[in-house]
Amino acid sequence: MRLTFLGKATQGGGSPTLWATDRDTYVVQGGKLPDQPYSVEIPHRLLKHLEHGTYMGARLADTGRGSFTLSGRPVADAAALDHMDIPGHETCVEVPKENEVWFGGASTG
């Protein structure tokens, strides 16, 4: 899996990061959630780094404190993991990258 860095939202010792892959997915690095190994918590502002005309194909749950939680597939690709700098209190998941479609069928991309 090849990663393309899209952006970071550094905060409080964490480094939530967004990557695009060569598989038309996003890799989302964020805070670990207790007893939820396939989920991360990210700040709302990380979403500004999504590629234009796309969105994460994962349900975002608003925590009410400026962040979302989301679930995806755990990243197991050793080369991709070596490429990222993931502190012990964070993890990453892979989620689908979807194209936005507005009502009426017009695409934004």
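Quick note: numbers below take in every heavy atom, side chains included, and nothing from hydrogens, waters or symmetry partners. Position 1 is the first residue of the sequence; numbering continues from there.
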Residues 72-83 vs salt bridge (Lys or Arg N to Asp or Glu O under 4.0 Å), sequence neighbours excluded, gives R73-E94
Does T63 have any side-chain hydrogen bond (donor to acceptor under 3.5 Å, both in side chains) partners at least two apart in sequence or in another chain, and if so, which?
S67
Look up atom OG1 in T4 and atom CG in D22, then write down how far apart they are to the nearest 0.5 Å.
8.0 Å
Kindly indicate whether the side chain of T21, heavy atoms from C-beta on, has any atom under 4.5 Å from the side chain of K97.
no
Considering all heavy atoms, the nearest S71-A58 contact:
O-CB, 3.8 Å
Applying the side-chain contact (heavy atoms from CB on, under 4.5 Å) test to V40, which of V95, L33, T91, T69 qualifies?
T91
Min side-chain heavy-atom separation L60-L47 under 4.5 Å
yes
Between the main-chain N or O of D85 and the side-chain N or O of Q29, is there a donor-acceptor pair closer than 3.5 Å?
yes
Which residues pass the side-chain hydrogen bond (donor to acceptor under 3.5 Å, both in side chains) test with R65, sequence neighbours left out?
E41
Applying salt bridge (charged side-chain N to carboxylate O under 4.0 Å, His left out), can you list everything that pairs with E98, at least two apart in sequence or on another chain?
none
Of all the heavy-atom pairs spanning Y55 and Y26, show the shortest one and how long it is.
O-CE1, 3.9 Å
Any residue meeting side-chain contact (heavy atoms from CB on, under 4.5 Å) with D62, in chain and number order, not counting sequence neighbours
H44, F68
Apart from L3 itself, members of its ILVMFWY cluster (side-chain separation under 4.5 Å) are M1, F5, W19, V27, V75, L81, M84, I86
Shortest non-hydrogen contact between E51 and A20, atoms and distance:
OE2-CB, 3.5 Å
To the nearest 0.5 Å, tell me how far K48 NZ sits from L18 CG.
12.0 Å
Is E100 close to L50 at the side-chain level, that is, under 4.5 Å between some pair of heavy atoms?
no
Rounded to the nearest 0.5 Å, how far apart are CD1 of I42 and NE2 of H49?
10.5 Å
Are P74 and P37 side-chain neighbours, meaning at least one heavy-atom pair lies under 4.5 Å?
no
